[in-house]
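Numbered from 1 within each chain, the chains take letters A, B, ... in sequence-line order. Since the model is a prediction, treat every value here as computed from it, not as a measurement.
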There are 2 protein chains.
Amino acid sequence: MSVTLKDVAHAARVSVSTASRALTGTGLTSERTQQRLTRIARELGYRPNPIARGLKTGQSRLVALLVHNLTNASFQVMAEEVQARLKALGYQMLLCIGGDDQQQESDTLTTLVDHRIDGLILVPTGKNGAQLKALAKDVPIVCLVRRDDATDLETVLADDPQGAYLGTRHLIELGHKRIGLIVGRQDTTSGRERLSGYVRALREAGIALDDTLIHAGHFVPETGATGCRKLLDLPRPPSAIFVANHEATLGVLRVTAERNIVIPDNLSLLCYEDMPWFEWHRPAISIVDNGARDLANLAVDRLLQRMDAKGNGKGNGNDGVREYRVGARLVQRDSCRRIDAAISARSGKPKSTPSKLSTKSAKV
Amino acid sequence: MSVTLKDVAHAARVSVSTASRALTGTGLTSERTQQRLTRIARELGYRPNPIARGLKTGQSRLVALLVHNLTNASFQVMAEEVQARLKALGYQMLLCIGGDDQQQESDTLTTLVDHRIDGLILVPTGKNGAQLKALAKDVPIVCLVRRDDATDLETVLADDPQGAYLGTRHLIELGHKRIGLIVGRQDTTSGRERLSGYVRALREAGIALDDTLIHAGHFVPETGATGCRKLLDLPRPPSAIFVANHEATLGVLRVTAERNIVIPDNLSLLCYEDMPWFEWHRPAISIVDNGARDLANLAVDRLLQRMDAKGNGKGNGNDGVREYRVGARLVQRDSCRRIDAAISARSGKPKSTPSKLSTKSAKV
DNA sequence: CGATAGACTGCAAACGATTGCAGAGACGTT
DNA sequence: AACGTCTCTGCAATCGTTTGCAGTCTATCG
């Protein structure tokens with residue numbers, strides 16, 4: 001059907017092997033034939049068959065990216081970033097959706113190695129450690145955003161302790177003393193780390209830790225809703241909520257809307273990870289940006305280096321294990337507001353205190 | 001490295017060909033050896049090498065989905081749906097991001113055929129008709145959501161005329177007479193068709209068409225912003241805006257927020273295509289749902305049939321060209337509101353008319 | 001002028017599967 | 001007993017590349 005190397009060789013009256021060498025640039029070929037061959041190849045519209053090549057070389061020029069879903073904006077920008085980077089290097093990205101599900105992850109992984117992918121970047125569920133460990137012998141792997149504690153794979157992490165610390169400190173600086181935290185499951189790296197950052201900021205400010213202000217849960221909007229209700233129903237509800245579980249944000253917004261709580265007048269809201277609509281939301285939602293784009297780039301860098309190392313016969317590229325951190329930063333928008341110390345102490349319904357951030361009046 | 005067919009054959013003391021036949025189920029093999037071989041293969045952990053197989057059979061078990069981006073929620077659910085369906089059938093999905101860019105689309109397409117994909121579902125930019133036409137000779141292709149007018153490829157479309165009609169009629173039924181329309185570029189199928197649905201609904205209701213109420217533009221938020229400003233600055237501004245260009249929604253929301261326009265009290269807002277946060281937004285945004293999930297499913301169905309047809313030697317599967325339509329439906333939430341006929345005629349600032357949809361009072 | 005190195009080139013064997021063709025038994029028929 | 005038929009199995013070619021090895025040719029040097 002399509003033009004093969006044989007056709008090119010034949011047209012140029014050379015052997016297939018010469019054609020191969022000339023076009024790939026490997027081995028010794030005279031300048032002249034090389035140019036002649038490339039010209040003829042172009043004229044004929046020759047495109048090397050990656051399958052045939054892959055069979056011989058054991059490489060596929062395919063790199064897989066396995067994420068939980070596409071709803072999460074971080075995953076979106078990571079996917080776009082990874083695809084762009086890889087494409088520039090002549091790799092095709094295989095984007096897979098694992099749904100944060102152990103079985104699905106496992107299945108996908110085997111399919112991927114079947115297809116002889118050259119590299120893998122994944123957000124691990126953390127439940128297939130053994131399998132990952134085994135795969136790492138054959139394929140360069142880099143973990144992204146989460147660590148799989150059962151393995152010692154190289155991992156690119158957001159600096160969650162720092163991010164959570166930054167966010168919490170910001171709220172404290174605005175005068176908040178009772179800060180609710182809605183955070184991810186504590187059996188995940190990010191869940192634990194964000195909690196730790198929160199704790200550190202509180203401790204530094206000399207604010208006593210109050211367990212009732214912390215709600216940890218699954219990565220679904222429902223977590224946000226129940227968590228938010230729980231917090232608001234407290235005898236002394238928080239004056240600010242830090243939603244450090246990205247998926248929970250929607251739930252929190254729903255509950256505050258249901259109860260006609262005006263943000264930021266009656267409650268300050270700070271979220272983790274950006275969403276495109278956050279800055280268009282009213283009020284625009286302040287966030288701690290985990291640096292998704294940087295994370296993706298770093299992951300690609302690391303992976304490439306490992307693939308390189310493997311190519312040069314220096315093991316499978318999966319040694320020299322380390323952990324990389326990408327800095328977080330605070331993006332201030334309009335959902336957090338300074339609170340009067342006296343009021344925050346009472347933690348009751350604040351009087352309508354004017355602020356440059358909002359001129360809307362409180363409802364309820 | 002991994003277990004090959006030869007290993008299995010050797011372990012079972014049969015030839016490679018017998019092993020192949022036994023495991024694939026093709027050809028004549030005795031029941032006994034077949035069972036024995038499958039057992040041994042499982043014991044050895046044999047997994048067929050898709051690359052080697054692909055080289056021989058010319059198939060890759062790879063199906064590509066090419067979309068513009070991942071930000072659009074419709075594309076997200078489509079991608080998830082397609083991946084799920086294909087996986088169940090033993091195919092791997094290759095998800096590619098084309099950015100609605102002619103060059104990128106072209107590049108991606110060639111890479112994909114290089115990789116000998118078995119099928120392709122794409123949202124065409126409409127600018128690579130010739131290339132697509134050529135590819136269609138080799139690979140079964142189904143277009144999704146948009147048609148490429150330069151080709152006669154089978155296409156699965158949302159029923160945009162119907163959807164726009166439904167949405168517009170809904171607004172009319174609520175008493176709106178001046179309805180602004182922000183719609184996509186008129187050189188795209190969906191742009192034209194949504195406009196036509198809008199026009200039909202107006203005509204049916206005997207409302208004169210007013211060109212100044214229509215703003216067509218590129219698929220970016222900025223279009224929404226400029227369009228919205230233009231509409232609001234009209235001597236007689238509309239009482240409702242129908243944002244039939246999905247990406248423009250954010251821009252519209254920003255402008256209405258900037259101008260402190262309260263939705264739906266001062267302005268009704270109806271959008272096209274859902275976003276996860278629409279129902280959590282305050283007010284929850286009413287939409288015309290284009291049926292993304294159904295679209296994806298239908299596209300997969302069509303593609304599979306074509307791949308089948310091709311497999312059976314009946315041409316390349318790209319004949320019997322047809323166009324499929326997936327119905328749209330209206331999802332009423334809280335962003336549209338009944339308007340008093342008298343007031344709408346004046347089209348001035350309406351008095352605060354109570355409605356069951358909202359008890360909030362108008363500001364400004 | 002012959003030997004030898006050096007620079008290219010071609011042959012053929014891989015890679016791991018699938019598949020047409022022919023051979024080997026088993027069995028029934030005449 | 002001979003023959004045909006039917007069922008199963010193995011041989012070997014093939015898909016389109018890459019690559020070790022050996023061969024050819026030219027040029028250079030002694």
Side-chain angles (χ1 to χ4, degrees), chain A residues 1-38 40-41 44-62 90 111 113-118 138 311 313, chain B residues 1-38 40-41 44-62 90 111 113-118 138 311 313:
Chain A
M1 181 110 296
S2 56
V3 187
T4 81
L5 190 55
K6 194 157 71 176
D7 300 330
V8 178
H10 188 255
R13 310 198 173 287
V14 295
S15 73
V16 192
S17 30
T18 307
S20 169
R21 277 187 277 251
L23 294 178
T24 56
T26 63
L28 306 314
T29 337
S30 72
E31 188 79 11
R32 258 199 22 256
T33 48
Q34 187 151 341
Q35 296 195 343
R36 198 161 61 93
L37 267 280
T38 34
I40 297 186
L44 263 51
Y46 167 70
R47 313 228 74 224
N49 181 336
I51 303 204
R53 177 178 287 172
L55 179 57
K56 182 65 191 176
T57 62
Q59 312 206 312
S60 59
R61 306 250 78 187
L62 251 37
T111 319
V113 291
D114 279 356
H115 278 279
R116 301 296 189 274
I117 51 168
D118 290 347
D138 294 339
Chain B
M1 179 109 296
S2 55
V3 187
T4 79
L5 190 55
K6 192 157 71 177
D7 301 329
V8 178
H10 188 254
R13 307 196 178 288
V14 294
S15 72
V16 192
S17 29
T18 307
S20 169
R21 276 187 278 252
L23 294 178
T24 57
T26 63
L28 305 315
T29 335
S30 72
E31 189 77 11
R32 260 201 18 258
T33 46
Q34 187 153 341
Q35 296 195 343
R36 197 162 63 93
L37 266 285
T38 34
I40 297 185
L44 261 53
Y46 167 72
R47 312 229 73 223
N49 181 337
I51 303 205
R53 177 178 285 173
L55 181 57
K56 180 65 188 172
T57 62
Q59 313 206 312
S60 57
R61 305 250 81 186
L62 251 37
T111 320
V113 291
D114 279 356
H115 278 280
R116 301 297 189 274
I117 49 168
D118 290 347
D138 294 338

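- In this structure, B:Arg116 and B:Ser15 both approach DNA chain D, and ranking their closest nucleotides by distance from the 5' end singles out B:Ser15.
- The distance between atom CG of B:Leu55 and atom P of D:dT17, rounded to the nearest whole Å, is 9 Å.
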Pairwise N/O distances under 3.5 Å, protein to nucleotides 17-21 of chain C:
| residue | atom | partner | partner atom | Å |
| --- | --- | --- | --- | --- |
| C:dA17 | OP1 | B:Tyr46 | OH | 2.9 |
| C:dA17 | OP1 | B:Asn49 | N | 3.0 |
| C:dA17 | OP2 | B:Leu5 | N | 2.3 |
| C:dT18 | OP1 | B:Arg53 | NE | 2.9 |
| C:dT18 | OP1 | B:Arg53 | NH2 | 3.1 |
| C:dT18 | OP2 | B:Ser20 | OG | 2.6 |
| C:dG20 | O6 | B:Arg21 | NH1 | 3.4 |

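- Between B:Leu62 and A:His115 the shortest side-chain heavy-atom distance falls below 4.5 Å.
- Atom P of nucleotide D:dT19 and atom CG of A:Leu23 are separated by 14 Å, given to the nearest angstrom.
- For B:Asp114 and D:dG16, the CG to C1' distance is 13 Å, given to the nearest whole Å.
- Sorted by first and then second residue, the salt bridge (charged side-chain N to carboxylate O under 4.0 Å, His left out) pairs involving residues 45-55 of chain B (not counting sequence neighbours) are A:Asp114-B:Arg47.
- Between A:Arg36 and A:Val14 there is a side-chain heavy-atom pair separated by less than 4.5 Å.
- The NE2-P distance, from B:His115 to D:dT17, rounds to 13 Å in whole Å.
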Side chain to side chain contact (heavy atoms under 4.5 Å, CB included) between B:Val113 and B:Asp138, intermediate numbers included = CA-CA 9 Å; B:Val113 291; B:Asp138 294 338; 6.0 Å; no
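- For the 3.5 Å distance criterion, the side chains of B:Ser2 and A:Arg116 qualify, holding a donor opposite an acceptor.
- One interatomic measurement links the two molecules: CZ of A:Arg36 to P of C:dC8, which rounds to 14 Å at whole-angstrom precision.
- In this structure, the side chain to side chain donor-acceptor pair (under 3.5 Å) partners of A:Ser15, at least two apart in sequence or on a different chain, are A:Ser17, A:Thr18.
- If you measure from atom CG of B:Leu37 to atom C1' of D:dG10, you get 13 Å, rounded to the nearest angstrom.
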